[in-house]
Amino acid sequence: MNYANLIESLGVSIDSNLLELALTHTSFSYENGKIPDNERLEFLGDSVLGFLVTEHVYQVHPELDEGELSRLRNATVSAKTLSVAANEVGLGNYLRLGKGELATGGATKTNILADAFEALVGAIYLDHGFAKTTEIVMRLMKSAIDEALSRGAGLDGKTALQEIVA
């Protein structure tokens, strides 16, 4: 498969083996003799994303307390938000899915897209290190962080309701 458009959307090349691994869903792996899938990269990418988003909201929002920061981070790294970021780079078009997932629209499923996005972040981290990964994640996730804050994700329920009413 040609990944040129994905690479262009990301703004960084990724080792072809890592990229293919990041895009390989367990359903494809199972149907192809249990070849390696993206779950380990997903595990790594989840931690990298969590740290980067946590550091960002900590630095940018000194007015928020621990609970507010946690809610903001959780809203930002949710499956829904990550799937939106995945869609923005067209990730679903490149996923290696098994026949069952292909037949049921797996390339558009929120959890599959979010997991693949995490795996992609893990691959970028392994290939380019912390600084480049930070740059890419912040470019791809900044609007999601800002949107989560504007929706009141960092606020307690009462304050969030007051913000919405105002």
Side-chain angles (χ1 to χ4, degrees), residues 1-57 70-130 132-151 153-154:
M1 178 174 280
N2 184 347
Y3 300 118
N5 289 338
L6 176 60
I7 296 301
E8 185 178 329
S9 294
L10 294 172
V12 67
S13 63
I14 303 171
D15 174 83
S16 60
N17 292 326
L18 278 174
L19 182 57
E20 193 164 276
L21 183 60
L23 299 172
T24 302
H25 187 258
T26 54
S27 62
F28 185 90
S29 167
Y30 182 77
E31 291 178 11
N32 289 277
K34 293 269 195 191
I35 63 171
D37 61 43
N38 66 3
E39 287 186 338
R40 287 176 46 85
L41 280 175
E42 175 193 338
F43 170 78
L44 176 62
D46 176 60
S47 293
V48 171
L49 271 169
F51 176 76
L52 292 176
V53 170
T54 299
E55 180 186 37
H56 177 77
V57 298
S70 291
R71 285 187 289 280
L72 181 56
R73 179 196 55 219
N74 293 342
T76 303
V77 296
S78 70
K80 181 180 176 184
T81 303
L82 296 179
S83 70
V84 169
N87 279 322
E88 287 178 5
V89 297
L91 199 55
N93 298 323
Y94 302 97
L95 294 177
R96 299 171 69 196
L97 300 169
K99 293 174 186 141
E101 283 299 344
L102 283 171
T104 60
T108 62
K109 290 181 179 177
T110 299
N111 286 339
I112 289 176
L113 286 168
D115 292 348
F117 187 80
E118 289 174 338
L120 189 61
V121 169
I124 294 168
Y125 175 76
L126 288 176
D127 202 25
H128 293 282
F130 188 74
K132 189 68 169 176
T133 305
T134 301
E135 173 190 320
I136 292 165
V137 166
M138 287 301 107
R139 181 173 45 82
L140 296 175
M141 299 295 298
K142 184 167 180 350
S143 63
I145 295 167
D146 293 343
E147 183 180 325
L149 188 61
S150 73
R151 287 191 327 258

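Numbers here simply count residues along the sequence, with the first being 1.
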(request) Return yes if some donor-acceptor pair links the side-chain N/O of Asn32 with the main-chain N/O of Ile35 below 3.5 Å, else return no. (result) no
(request) Please report the closest heavy-atom contact between Tyr125 and Thr133, naming both atoms and the distance. (result) CA-OG1, 3.0 Å
(message) Evaluate Leu140 against Leu10 for side-chain contact (heavy atoms from CB on, under 4.5 Å), listing each step before the verdict.
(response) CA-CA 8 Å; Leu140 296 175; Leu10 294 172; 4.0 Å; yes
(request) Indicate yes or no: at least one non-hydrogen side-chain atom of Val53 is less than 4.5 angstrom from one of Leu72. (result) no
(message) On a heavy-atom basis, which atom in Ala114 and which in Ala79 lie closest, and how many Å separate them?
(response) CB-O, 3.5 Å
(request) Could you tell me whether the side chain of Leu6 reaches within less than 4.5 Å of the side chain of Leu23, counting heavy atoms only? (result) yes
(message) Using a 3.5 Å distance criterion without hydrogens, assess whether the side chain of Asp127 forms a donor-acceptor pair with backbone atoms of Asp15.
(response) yes
(request) Look up atom CZ in Arg96 and atom OG1 in Thr26, then write down how far apart they are to the nearest 0.5 Å. (result) 12.5 Å
(request) For residues Thr24 and Ser29, report the shortest heavy-atom separation together with the two atoms involved. (result) CG2-N, 4.4 Å
(request) Quick one: pull up CD in Glu55 and OG1 in Thr134 and give me the separation to the nearest 0.5 Å. (result) 7.0 Å
(message) Using only atom types and a distance under 3.5 Å, with no angle test, would you say the side chain of His128 pairs donor to acceptor with the backbone of Ser13?
(response) yes
(message) If you compare all heavy atoms of Leu97 against all heavy atoms of Leu102, which two are closest, and at what distance to 0.1 Å?
(response) O-CD1, 3.7 Å
(message) Within this structure, what is the CE-CG distance for the pair Met1 and Leu95, rounded to the nearest 0.5 Å?
(response) 9.0 Å
(message) Ignoring hydrogens, what is the shortest heavy-atom contact between Lys80 and Ser83? Give both atom names and the distance.
(response) O-OG, 2.8 Å
(request) Would you name the heavy atoms of Leu91 and Leu120 that are closest together and state the gap between them? (result) CD1-CD2, 3.9 Å
(request) Indicate yes or no for a side-chain donor-acceptor contact from Thr81 to the backbone of Ala75 under 3.5 Å, with no hydrogens or angles considered. (result) yes
(request) Kindly state each residue pair satisfying salt bridge (Lys or Arg N to Asp or Glu O under 4.0 Å) with at least one member in residues 99-123, sequence neighbours excluded. (result) Glu101-Lys109
(request) Write out all pairs satisfying ring pair (Phe, Tyr, Trp, His ring centres under 6.0 Å) with one or both partners inside residues 27-52, taking only residues at least two apart or from two chains. (result) Phe51-Phe130
(request) Look only at the side chain of Asp46 and the backbone of Glu42, and say whether a donor-acceptor pair between them is shorter than 3.5 Å. (result) no
(message) Side chains of Tyr3 and Ile14, heavy atoms from C-beta outward: is any pair under 4.5 Å?
(response) no
(message) What's the separation between atom CG in Leu18 and atom CG in Asn38, rounded to the nearest 0.5 Å?
(response) 12.0 Å
(message) Measuring from atom NZ of Lys142 to atom OG1 of Thr76, what distance do you get when rounded to the nearest 0.5 angstrom?
(response) 11.0 Å
(request) With rounding to the nearest 0.5 Å, note down the distance linking CZ in Arg73 to NE2 in His56. (result) 14.0 Å
(request) State whether the number of non-hydrogen atoms from other residues, nucleotides or ligands found under 6.0 Å of Arg139 atom CZ is greater than 12. (result) yes
(message) Just to verify, which of Val121, Leu82, Val84, Ile136 counts as forming a side-chain contact (heavy atoms from CB on, under 4.5 Å) with Met141?
(response) Leu82
